[in-house]
Each structure stands twice: as C-alpha cells, then as structure tokens.
Amino acid sequence: MSLQSVKDFLSRHAPEIPVIETEASSATVALAAEAHGVEPDQIAKTICLRIGTEPVLVVAAGTKRLDNRKFKDRFGVKPRMLDVEEVLATTSHPVGGVCPFGLPSPIKIFCDVSLQAFDEVVPAAGATNAAVRIAPQRLVALTDAEWADLCQ
C-alpha cells in the first residue's frame, strides 16, 4: 500500500510528477544514485526522528549526516531515531522507501538546506525501488515542509 499511497498523493497534488520504478533496489543512497544516474548527494534521503513524543521527518542530501548540535540548538532536544517498526507505523513506508509523500497522517517535515544545492533531487517514493525527480522548492511546497539547517 505504501507505493500506492504515494501514487495517490501525487495523482491528487502533483499529477505531472511520475513515480519511477526500477528493477534494481534503490534502498540505499549509493544504490539509488546508481539506479537514477545522479550523484549521491542528489538523493533526497528521509530520516525519521522523534522530538519528544512527536515524530518528524528530515529530508537531506544523500551523503549529509544529521548534526546533533544543530538539531539540539533548533529543537532543544537530541534527535532520536525511530526504529524500523516505528518508521513503518508512522509513515506506512518501509525503510529504504521512506519519503514525505502519501503519509497516513500529518507529520512535521523539515528539508535540510543541503538540498538547495540542486535543481532536482530524487527522493524515494514509498518502496525500495521507487522514486521521483523533483525540484527542492517544489518538494517543500508539496509537503508543507520547512527549510532547516540540520546537517553537517
């Protein structure tokens, strides 16, 4: 259902953006970059975290790492990663296919400024072999995300 929820979301909100399904897995940044013919940083990876009891998503350039100091300065707490079961329950997407589209309920989304270096980024699309190509500004607008400086 996860892939379908992304397709349904895009069909309603951005019908011009097709979901690209590949034969090869794109479950990691390296695999996704290879499958889509882009640099690893052009892969927009989605990290599932918890701020207190609230789950949030951070979408960042592929090789960037969350900066714990920047995160704590911004939110007042250390970032806590969700485990595999929590990720699936929160997003309906499997690890390796997590994205900010087609979520079962609203989740606060932050797009790291590292994405602004690209005209187009490639986030997953609800499955380990699915993605979309999208401008970072369109990603922010489509998901009602907020820009944030959270990565190294």
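Since this is a predicted model, take the numbers as computed values, not measurements.
Residues V122 and L139 fall into different hydrophobic clusters, defined by Ile, Leu, Val, Met, Phe, Trp and Tyr side chains chained together at heavy-atom separations under 4.5 Å. In the hydrophobic clustering of this structure, V84 groups with L82; members are Ile, Leu, Val, Met, Phe, Trp, Tyr whose side-chain heavy atoms approach within less than 4.5 Å, directly or through other members.
Distance check, rounded to the nearest 0.5 Å: CD of Q137 to CG of L115 gives 9.5 Å. With values rounded to the nearest 0.5 angstrom, K64 atom NZ is found 12.5 Å from I47 atom CD1. Residue L49 holds its CG atom at 5.0 Å from CZ of F71, rounded to the nearest 0.5 Å.
One N or O on the side chain of S2 and one on the backbone of S92 form a donor-acceptor pair closer than 3.5 Å. For S5 (side chain) and G102 (main-chain N/O), a donor-acceptor pair under 3.5 Å exists by modelled atom type. Checking side-chain atoms of K45 against main-chain N and O of G62 turns up a donor-acceptor pair under 3.5 Å. Side-chain atoms of N129 come within 3.5 Å of backbone atoms of T22 as a donor-acceptor pair (strictly under, hydrogens ignored). The closest donor-acceptor contact from the side chain of R133 to the backbone of H36 lies under 3.5 Å. Between the side chain of T91 and the backbone N or O of V87, at least one donor-acceptor pair lies under 3.5 Å. Side-chain atoms of D112 never come within 3.5 Å of backbone atoms of V59 as a donor-acceptor pair (strictly under, hydrogens ignored). The main-chain N or O of A61 is found under 3.5 Å from a side-chain atom of S114 such that the two form a donor-acceptor pair. A donor-acceptor pair under 3.5 Å links the side-chain atoms of S26 to the main chain of T128, judged by distance alone.
A salt bridge does not link R138 with E120: every distance from a Lys NZ or Arg NE/NH1/NH2 to an Asp or Glu carboxylate oxygen is 4.0 Å or more. The pair R80-E86 does not count as a salt bridge, with every side-chain nitrogen at least 4.0 angstrom from each carboxylate oxygen. Under 4.0 Å is where a charged nitrogen must lie from a carboxylate oxygen, and between D73 and R69 at least one such pair does. Under 4.0 Å is where a charged nitrogen must lie from a carboxylate oxygen, and between D149 and K70 at least one such pair does.
F110 has its ring centre less than 6.0 Å from the ring centre of F75.
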